[in-house]
**Student:** 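Please find one structure pasted underneath; my questions will follow.
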Amino acid sequence: MNLSPQQLHYFKRELISQQLDKEVEILKKSTQLSSLVQPTAETKKEYPFLQYLTQHFVLEFPLLKKGNENNFWIKLQSFLDEYSKLKLDNYAPKSARDSQRRVLLYKIEKLLIISLSASIKTVQGKEESIDLLAPISKSDSNDEEQEESLVNKLSMTHLESEENYLEWIGMNGLRLNVITVRDVSEVRTIRQHLHSEFIIETNLVVPEGEAPVPTIYVARRHGQFRQLREDLKMSFPTLELPSVPGKARDSSYSDKESQHLHREKDRIILRSFLRRLSSDPVVANSTIFRDFLLNEPLQLSPAEQKDADIRHKMDQNRLDEEKRFRAQVDKKIVELDGLLDMLKGQIMKPNGLVEIFEVIKSTETIDKLPVELQKAFEWGRINFAFVLHTQFVTSDSSVENIANLKRTHSLMPYRTIAQILKLSNPFSMVKGVLDLFLAQPFGGKSLFQRIMLANMSEQSKDMQKDIEELEAKINDPALCQKVANAVKCDKPEGLDLGKTTPIQETLDLLKNSKIEPVLSPQQIIKVAFANQPGKVEARTLVENLYKLWILYARKQEQESMMSLVFQGATGDLIKDLFAIFYEPLAQVYKAANIGDTIGHVAGFINDLIEIVDKLDVEDATNTAQPFIDLVKNHEAEFYQFVHGVHAQDESKLFDNLLGYVDSLFSFVSHGIPTRIDIEKITEEAGITGDDIPVLKQEIDALCAYHYSRKQRHLERKRQKLMSTNDVADNEEIFNFLPENKEVMGVLNDMVEVDYQSDEESLNSNESADNLAAHESTIVRPTLVLIPKIAPTFVKHVQSIMQ
């Protein structure tokens with residue numbers, strides 16, 4: 001057939017996916033793990049792929065092999081039996097935030113497909129997955145381009161701060177900045193009061209060719225920001241809105257010498273809050289948000305303009321410092337590239353990872369390590385320092401990050417924890433903690449159950465408040481009750497939610513005569529014409545009922561999960577998980593004197609806070625070096641812990657874990673020893689020469705589909721960076737892994753594990769543009785020939801798996 005490496009990869013992957021989907025569906029209906037853990041001749045026919053993965057990847061995990069394996073699987077089965085009894089497939093709308101279990105199941109399936117794709121090799125040879133950030137090949141580039149490519153490959157140029165990202169996407173047609181702060185005098189009864197107002201600058205982005213809109217300035221008090229969030233929450237109860245940051249407390253409130261920096265920290269964190277809001281198209285295009293930004297415009301006074309210029313210069317200094325630090329990091333990466341490549345080559349050798357840690361085990365200090373390992377620590381040092389600098393200096397969220405760090409640090413009982421870890425027998429400690437948390441005196445609730453219940457109850461209270469406010473807005477108890485009863489019913493047979501509009505889905509629910517109460521003629525008239533043009537009142541009512549439906553569905557699912565917490569099977573499974581995963585680690589950590597390490601962590605955070613406190617809020621220039629020195633000063637203590645963990649590990653736990661990881665690298669590189677012949681399988685499946693052009697069209701359609709998904713995922717990934725405060729790319733760790741083509745191909749495919757489920761739909765209020773930006777809206781190609789080939793493919797793969 002002469003398939004390209006990319007065509008071969010996605011053809012094979014689709015064949016794997018077709019079979020795996022069938023196996024997962026069968027397992028979901030039976031929920032019997034024994035079919036995978038203890039295979040029989042019958043189950044081998046039903047679950048060839050899942051059994052193979054379980055036997056070679058799951059059961060071989062060292063910690064599972066050390067524990068009471070059989071007992072663990074029995075308890076896990078009991079837990080799954082209880083879980084299957086929950087009423088989770090109820091009549092509820094699909095929403096991106098409603099059901100994390102769908103997302104989890106989807107990610108697991110993707111991970112299984114990637115694992116199998118790496119395991120099954122073909123005689124056709126080289127495969128290639130789509131890589132949107134592929135580096136420039138050496139033959140096609142000069143030295144400068146190669147260096148740039150190296151830096152991009154290591155993602156350092158993609159460590160964008162939140163504010164840079166928000167500027168890049170344009171914030172849904174808005175460019176926002178809080179440019180200055182002014183004090184305004186207000187007379188209340190007898191006394192005069194001073195309060196601060198934050199001046200917001202708004203630029204409306206217009207299409208090319210249209211006349212630009214003048215910049216608009218408005219002044220808002222801190223309390224008005226809080227009111228803005230309350231108003232948005234009332235109008236969009238199903239949206240997850242960022243909290244309004246509390247007022248910062250620092251010398252700029254009272255220090256007259258720094259008056260031009262008055263409430264500077266508040267200015268920065270409120271700007272971050274507004275930009276987060278504007279990143280959501282629902283909020284950005286709402287009347288409430290636009291009124292907040294545009295109503296009651298003002299003209300800046302000369303003094304206010306001067307103050308805004310000073311603050312703008314400070315903002316620019318922070319951005320310039322971040323760029324300088326990033327350039328320093330990039331330069332270091334280029335310098336270390338050769339040595340790091342040597343280290344990566346060592347990792348790819350058989351038992352290479354084990355040999356590297358044998359060196360660490362036998363070497364007491366960093367300065368005695370081989371030069372390539374010393375350079376690896378240097379690489380880690382500058383990367384970690386860059387992340388700390390961005391989080392606590394240049395990011396708009398730095399003020400909140402510092403406050404959170406100080407608060408958590410002040411509450412942590414480091415000394416007590418260290419003493420417990422030094423003096424306690426690891427096994428007794430784990431057993432005591434578990435008994436403390438999971439014991440049910442006189443059949444009552446355990447401490448674990450009480451903690452979970454307390455946290456969930458708080459969430460339930462907030463949810464109930466939102467429900468009550470929305471019901472009051474709807475002002476029709478019968479309609480509200482019908483929606484509430486719907487989520488307690490099974491989903492009607494044959495109904496596939498998410499295929500029509502939220503309005504139509506809600507109308508279908510209201511028409512359902514099996515759900516009480518039956519609506520009166522007057523109530524039917526109120527909602528019946530919601531889909532017709534001009535019926536604004538009816539449409540608004542049905543939209544609110546849909547929001548209420550979402551809230552009731554969330555509440556129902558939370559109550560179901562709370563009931564699972566109170567099952568004895570849950571506590572038994574938790575005990576086993578602790579016994580399997582924590583007890584061996586506790587023994588090793590105690591031998592490595594982890595109590596002292598806790599003290600070192602406390603010392604590191606003390607020094608970090610001291611550096612942050614000494615920084616001049618006016619000038620962020622030349623602030624990178626203290627963070628590099630901080631990490632360098634503490635890396636010897638970190639190394640001592642790593643060395644101690646491996647040197648004192650008499651149980652060989654970490655040796656086994658490293659051997660397991662090493663075997664995974666080897667397996668990904670070589671896969672199942674026997675290779676399959678895709679062309680032979682295709683012929684055996686009855687695909688003739690006349691069918692080959694059609695088959696290639698289907699394969700090309702699959703490649704185009706995956707390319708589109710990866711493109712869409714890259715966009716969404718940047719949005720996730722903004723919403724989660726992650727400055728460093730979460731795949732940064734992968735960049736230090738060996739550049740074996742097979743390994744890098746698997747890691748490239750791993751990004752798909754982040755995709756959200758195709759079953760999810762976006763919030764009903766979101767715009768059509770936002771819905772189109774979701775990768776699940778990309779339609780899968782219709783396949784005719786590939787499904788016919790799948791059974792023959794599975795038969796051949798089964799034969800080599802034996």
Side-chain angles (χ1 to χ4, degrees), residues 1-24 26 36 39 41 43-58 60 109-130 663-689 691-703 706 740-750 752 783-802:
M1 288 191 292
N2 294 323
L3 297 179
S4 70
Q6 200 171 93
Q7 288 174 319
L8 178 64
H9 176 76
Y10 287 105
F11 180 30
K12 183 188 78 174
R13 179 170 162 162
E14 181 63 25
L15 292 169
I16 292 169
S17 180
Q18 298 244 340
Q19 172 63 20
L20 201 58
D21 286 344
K22 291 179 183 177
E23 293 184 27
V24 170
I26 297 171
L36 306 181
T43 58
K44 281 181 180 178
K45 296 177 182 177
E46 289 185 323
Y47 309 107
F49 287 0
L50 288 179
Q51 282 183 355
Y52 178 81
L53 290 169
T54 303
Q55 299 295 321
H56 287 79
F57 291 95
V58 180
E60 289 300 311
E109 286 187 41
K110 283 292 180 189
L111 195 57
L112 296 178
I113 291 170
I114 292 166
S115 302
L116 279 168
S117 191
S119 304
I120 302 166
K121 309 293 184 184
T122 68
V123 297
Q124 279 69 32
K126 182 184 175 185
E127 295 179 36
E128 187 179 280
S129 62
I130 294 165
S663 67
L664 288 183
F665 279 143
S666 178
F667 192 75
V668 167
S669 296
H670 304 105
I672 301 171
T674 308
R675 296 180 173 238
I676 59 170
D677 188 334
I678 286 287
E679 291 192 10
K680 181 180 176 183
I681 289 169
T682 303
E683 289 174 12
E684 196 176 312
I687 305 300
T688 64
D691 296 325
I692 295 300
V694 179
L695 177 60
K696 282 192 171 184
Q697 286 177 3
E698 290 188 5
I699 296 171
D700 287 338
L702 280 173
C703 292
H706 285 287
N740 172 281
K741 289 182 180 178
E742 300 285 354
V743 174
M744 297 311 291
V746 171
L747 295 179
N748 182 39
D749 278 339
M750 286 283 286
E752 295 190 28
L783 306 175
V784 177
L785 295 181
I786 292 178
K788 293 179 181 178
I789 301 170
T792 309
F793 172 81
V794 173
K795 185 177 72 173
H796 278 255
V797 173
Q798 272 184 289
S799 67
I800 68 170
M801 283 179 172
Q802 302 303 323

**Student:** Mind listing the side-chain donor-acceptor pairs of residues 681-688 below 3.5 Å, one per line with the distance, residues two or more places apart or on another chain?
**Tutor:**
from : atom 1 : to   : atom 2 : distance (Å)
T682 : OG1    : I678 : O      : 2.8
E684 : OE1    : H796 : NE2    : 3.0
E684 : OE2    : K795 : NZ     : 3.2
E684 : OE2    : H796 : NE2    : 3.4
T688 : OG1    : D691 : OD2    : 3.2

**Student:** Indicate the ring-plane relationship of H706 and Y10, choosing parallel, tilted or perpendicular according to the 30° and 60° boundaries.
**Tutor:** parallel

**Student:** Specify the closest pair of heavy atoms between Q7 and C703, including all atoms of both residues, with the distance to one decimal.
**Tutor:**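 Minimum heavy-atom separation between Q7 and C703: CA-SG, 4.0 Å.
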
**Student:** Please give me the minimum heavy-atom distance between T122 and R675, naming the atom from each residue.
**Tutor:** O-NH1, 3.1 Å

**Student:** Got L112 and F49 here, is their nearest side-chain heavy-atom distance under 4.5 Å?
**Tutor:** no

**Student:** Could you tell me the separation between the CZ atom of F57 and the CG atom of L111, rounded to the nearest 0.5 Å?
**Tutor:**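 That separation rounds to 9.5 Å.
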
**Student:** Could you pull out the closest heavy-atom pair between Q124 and I676, with the gap in Å?
**Tutor:**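 Nearest pair, atom of Q124 first, then I676: OE1-O, 4.0 Å.
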
**Student:** Shortest non-hydrogen contact from Q18 to A790?
**Tutor:** CB-CB, 4.2 Å

**Student:** Is the count of non-hydrogen atoms from other residues, nucleotides or ligands lying under 6.0 Å from K696 atom NZ greater than 12?
**Tutor:**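 Result for NZ/K696: enclosed.
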
**Student:** Begin with the C-alpha distance, continue with both residues' side-chain angles, and end with the deciding distance and a verdict on side-chain contact (heavy atoms from CB on, under 4.5 Å) for E679 and V123.
**Tutor:** CA-CA 9 Å; E679 291 192 10; V123 297; over 6 Å; no

**Student:** Can you tell if the side chain of I789 reaches within under 4.5 Å of the side chain of L695, non-hydrogen atoms only?
**Tutor:**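 Counting from C-beta outward, I789 and L695 do come under 4.5 Å.
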
**Student:** Taking atom CD1 of I692 and atom CD of Q697, what is their separation to the nearest 0.5 Å?
**Tutor:** 12.0 Å

**Student:** Find the distance between NZ (K22) and OG (S17) and round it off to the nearest 0.5 Å.
**Tutor:**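 If we round to the nearest 0.5 Å, K22:NZ and S17:OG are 11.0 Å apart.
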
**Student:** Partners of P791 by side chain to side chain contact (heavy atoms under 4.5 Å, CB included), sequence neighbours excluded?
**Tutor:**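 Expected list: none.
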
**Student:** With a 3.5 Å cut-off and no angle check, do the side chains of Q19 and E23 form a donor-acceptor pair?
**Tutor:** yes

**Student:** Would I672 and K121 satisfy side-chain contact (heavy atoms from CB on, under 4.5 Å), going step by step from the backbone distance to the final call?
**Tutor:** CA-CA 7 Å; I672 301 171; K121 309 293 184 184; over 6 Å; no

**Student:** Can you find a pair of side-chain heavy atoms, one from I699 and one from E14, that are under 4.5 Å apart?
**Tutor:**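 Heavy-atom side-chain distance check fails, nothing below 4.5 Å.
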
**Student:** Can you find a pair of side-chain heavy atoms, one from Q6 and one from S129, that are under 4.5 Å apart?
**Tutor:** no

**Student:** Shortest non-hydrogen contact from E128 to H9?
**Tutor:**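 Looking at all heavy atoms of both residues, the shortest contact is O-CB, 3.5 Å.
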
**Student:** Report yes if some heavy atom in the side chain of F11 is under 4.5 Å from a heavy atom in the side chain of L702; otherwise report no.
**Tutor:**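 They are not in side-chain contact.
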
**Student:** Do the non-hydrogen side-chain atoms of S115 and Y52 ever get within less than 4.5 Å of each other?
**Tutor:**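 No, too far: nothing below the 4.5 Å cut-off.
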
**Student:** Do the non-hydrogen side-chain atoms of V794 and I16 ever get within less than 4.5 Å of each other?
**Tutor:** no

**Student:** Provide the closest heavy-atom pair for I786 versus E698 in the form atom of the first, atom of the second, distance.
**Tutor:**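 Heavy atoms of I786 and E698 come nearest at N-OE1, 3.2 Å.
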
**Student:** Is K12 reaching over with its side chain to a backbone N or O of S117, donor-acceptor style, under 3.5 angstrom?
**Tutor:**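 Pair found, side chain donor or acceptor close to backbone of S117.
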
